[in-house]
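Since the structure comes first, as structure tokens, the remarks are kept for the end.
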Amino acid sequence: MGIRADRSVISTIVENRRRKRARKADCEELPRFGKPLNNLTISVGREAIFTCIVENLGPYKVAWLRVDTQTILTIANHVITKNHRITVTHSGHRTWSLHIKDTKETDRGWYMCQVNTDPMSSITGFLEIVVPPDILDYPTSTDMEVREGSNVTLRCAATGTPKPTVTWRREAGGTITLSNWHEVASIEGSYLEITDVTRLHMGPYLCIASNGVPPTVSKRIVLIVHFPPMVWIEKQLVGAYEGKVLVLECQSEAYPKPISYWTRPTNETITNDNHYEVETISKGYKGYKMTMRLTIKSVRVQDFGSFRCISTNSLGETESKIKLYRIDRPPTTRRPGTRRDSKKSWKVDHSNEKKAAGMRDEPISKGNYDSGEEQTDFQSATASSSFQRHIFANLGITVFIGIIVSGLST
């Protein structure tokens with residue numbers, strides 16, 4: 001009995017050891033995942049590829065599932081779902097890839113790579129679908145026309161994933177004047193609110209939507225401001241002589257674009273002819289700023305009086321006047337620096353001396369001189385010399401007379 005009992009114990013121990021070795025061998029042969037399943041971020045419309053690495057797959061099979069809907073997509077090489085955008089590929093039964101072509105926003109979610117061991121083993125990864133920004137036609141604002149002094153709100157509705165940021169800028173650059181008269185180069189938000197609109201707000205604006213997913217998009221919205229004409233003149237009183245070429249100008253601002261014209265002192269409308277030339281120069285957005293220019297090619301007697309520049313549109317009419325008055329024609333003058341001019345100046349300078357001495361000029365014959373002016377200069381010089389001799393003689397300083405006369409003669 002003792003021997004049999006010992007043999008039974010030994011058999012039990014051997015069997016247990018065999019079973020342990022078998023279980024250990026089974027554990028070593030079970031499939032295992034080579035690395036975790038990566039999360040993916042894909043732009044809409046691109047292809048998403050999940051890759052699952054399985055070591056020691058053996059007789060087991062790999063399946064792909066959509067976690068949130070518990071939908072089986074593929075098993076081994078077979079596509080189970082009816083979604084034609086889903087395919088599966090593998091390399092040596094070790095690397096298994098799930099392909100989702102032409103991704104849509106509805107593809108966003110968790111995906112599972114599963115091996116049908118007992119118990120089942122699996123890893124999961126998340127698919128994020130990002131969408132570039134898009135500006136909706138509705139309810140985004142279109143071009144707007146408002147009266148000056150009113151309030152206006154421009155709206156820009158944008159979609160995308162992540163949610164896009166909307167920025168407002170002026171297309172031509174410059175600043176945006178807000179309700180508190182604070183000026184900014186740009187402003188963020190779906191709405192651009194402008195209170196007490198002025199003509200300075202007129203022009204195109206850009207709403208720009210961006211979320212880090214290219215491309216950034218924008219929409220152009222034009223703000224038109226209507227206001228009645230304004231006219232002003234820098235010089236309202238202008239002097240001119242007959243025959244002068246004269247240019248008159250006045251400045252005007254108005255929108256819608258006004259009808260602008262000049263009238264002459266007889267209240268007749270001026271048109272281009274041989275005597276007048278009318279020109280209008282537009283600037284600013286939509287040409288709401290204008291310079292009205294009237295050129296009088298040669299001033300006549302009938303031009304003296306009031307000229308009016310008039311600007312009118314559907315919101316009103318405004319005018320301003322320029323009064324043209326007569327002045328004498330300036331005398332013709334010889335350019336300074338010539339020999340004759342210097343002689344005349346010398347002659348005028350000494351005329352007071354002759355008067356102070358009580359002397360008068362003696363007539364001198366023309367002789368052979370070519371110019372009457374040169375004779376007069378000589379006469380003045382002689383009179384001045386006599387005057388100086390008379391003065392020095394009275395002072396008893398006769399020693400200097402010869403020197404002074406000699407100097408003047410040279």
message: Looking at Arg326 and Glu242, is there a salt bridge between them, counting it only when a charged N and a carboxylate O are closer than 4.0 Å?
response: yes

query: How about Leu294 and Phe307: do any of their side-chain heavy atoms sit closer than 4.5 Å?
result: yes

- request: Decide whether a cation-pi geometry holds between Arg199 and Phe227; the criteria are a distance under 6.0 Å from NZ or CZ to the six-membered ring centre and an angle within 45° of the ring axis.
  value: yes

- prompt: Does some side-chain heavy atom of Leu65 sit less than 4.5 Å from a side-chain heavy atom of Leu73?
  reply: no

- request: Decide whether Arg46 and Thr103 meet the rule of one side-chain donor and one side-chain acceptor closer than 3.5 Å.
  value: no

- prompt: Just checking, is any N or O donor in the side chain of His275 or Asp303 under 3.5 Å from an acceptor N or O on the other one?
  reply: yes

message: Under 3.5 Å, is there a donor on one side chain and an acceptor on the other for Gln114 and Ser122?
response: no

- request: State whether the side chain of Trp168 and the backbone N or O of Gly189 hold a donor-acceptor pair below 3.5 Å, judged by distance alone.
  value: yes

Any donor-acceptor N or O pair under 3.5 Å, side chains Glu148, His226: no

message: If you count every heavy atom of other residues, nucleotides or ligands that lies below 6.0 Å from Asp273 atom CG, does the total exceed 12?
response: yes

- prompt: With a 4.0 Å cut-off, would you call Glu55 and Arg94 a salt bridge?
  reply: yes

Residues Asp68 and Arg66 bridged, charged N to O under 4.0 Å: yes

task: Mark yes when over 12 heavy atoms from residues, nucleotides or ligands other than Ile72 sit less than 6.0 Å from its CD1; otherwise mark no.
output: no

query: Does CG belonging to Leu136 count more than 12 external heavy atoms closer than 6.0 Å?
result: yes

- prompt: Has Arg85 got more than 12 heavy atoms of other residues, nucleotides or ligands less than 6.0 Å from its CZ?
  reply: yes

